[in-house]
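First comes the structure, then the notes that go with it.
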Amino acid sequence: MKMTLTIDRKACAGAGTCLAMNPDLFRVENGRGIVLQSVLESEEEIKAAMDVAECCPTEAVLLTPVGA
């Protein structure tokens, strides 16, 4: 299964939790998180992104199935 990884820029407070948890997938620029890889294919990448999404203090990290 493929998942799309995004950050809701309006919800993001720039806490940096995403970057701290997974610097391979996230960066913080100009006080907001950005995604470095928008389409995830491996179970490992998807699980890692889900962990970050669960810990984001503003729930700005979003995962959606590709094609949904």
Side-chain angles (χ1 to χ4, degrees):
M1 174 193 322
K2 291 184 184 180
M3 300 287 277
T4 300
L5 176 63
T6 57
I7 292 181
D8 180 340
R9 306 266 307 152
K10 291 181 182 178
C12 179
T17 304
C18 56
L19 173 62
M21 290 183 71
N22 197 320
D24 292 333
L25 292 178
F26 301 95
R27 181 170 297 149
V28 175
E29 291 181 3
N30 299 320
R32 297 287 185 259
I34 61 168
V35 171
L36 299 177
Q37 183 176 339
S38 60
V39 177
L40 307 178
E41 297 188 44
S42 77
E43 282 186 42
E44 184 178 298
E45 290 173 328
I46 293 168
K47 170 73 170 99
M50 285 181 174
D51 289 344
V52 173
E54 289 174 5
C55 292
C56 178
T58 60
E59 300 179 356
V61 177
L62 308 170
L63 280 157
T64 54
V66 170

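Since the structure is predicted, the reported quantities are computational estimates derived from the model, not experimental observations.
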Original post:
In chain order, what residues pass the salt bridge (charged side-chain N to carboxylate O under 4.0 Å, His left out) check against Arg27, with sequence neighbours excluded?
Top reply: Glu29

Subject >> Crowding at CD, Glu59 (>12 non-hydrogen neighbours, <6.0 Å) >> reply: no

Subject >> Closest heavy-atom pair and its distance - Val35, Phe26 >> reply: CG2-CE2, 4.2 Å

**OP:** Say whether Leu63 and Met21 are linked into one hydrophobic cluster, either directly or through other cluster members, by side-chain heavy-atom distances under 4.5 angstrom.
**Re:** yes

Original post:
Taking the hydrophobic residues Ile, Leu, Val, Met, Phe, Trp and Tyr, and joining any pair whose side-chain heavy atoms are under 4.5 Å apart, which ones share a cluster with Val28?
Top reply: Leu19

Extract all donor-acceptor atom pairs below 3.5 Å that involve side chains of residues 48-57 and protein atoms in other chains or at least two apart in sequence.
unit_1	atom_1	unit_2	atom_2	d
Asp51	OD1	Lys47	NZ	2.7
Asp51	OD2	Lys47	NZ	3.2

Original post:
Minimum heavy-atom separation for Ala20 to Pro23, with atom names?
Top reply: O-CD, 4.4 Å

Original post:
Which residue pairs pass the salt bridge (Lys or Arg N to Asp or Glu O under 4.0 Å) test when at least one of the two sits in residues 36-46, sequence neighbours left out?
Top reply: none

Original post:
Given side chains that start at C-beta, do those of Leu36 and Leu25 come closer than 4.5 Å, heavy atoms only?
Top reply: no

Original post:
Yes or no on side-chain contact (heavy atoms from CB on, under 4.5 Å) for Thr17 and Val61, after CA distance, side-chain angles and deciding distance?
Top reply: CA-CA 10 Å; Thr17 304; Val61 177; over 6 Å; no

Identify each donor-acceptor pair in which a side-chain atom of residues 2-16 lies under 3.5 Å from a protein atom, sequence neighbours left out, and give them as a table.
unit_1	atom_1	unit_2	atom_2	d
Asp8	OD1	Lys10	N	3.0
Asp8	OD1	Ala11	N	3.2
Arg9	NH1	Gly33	O	3.0

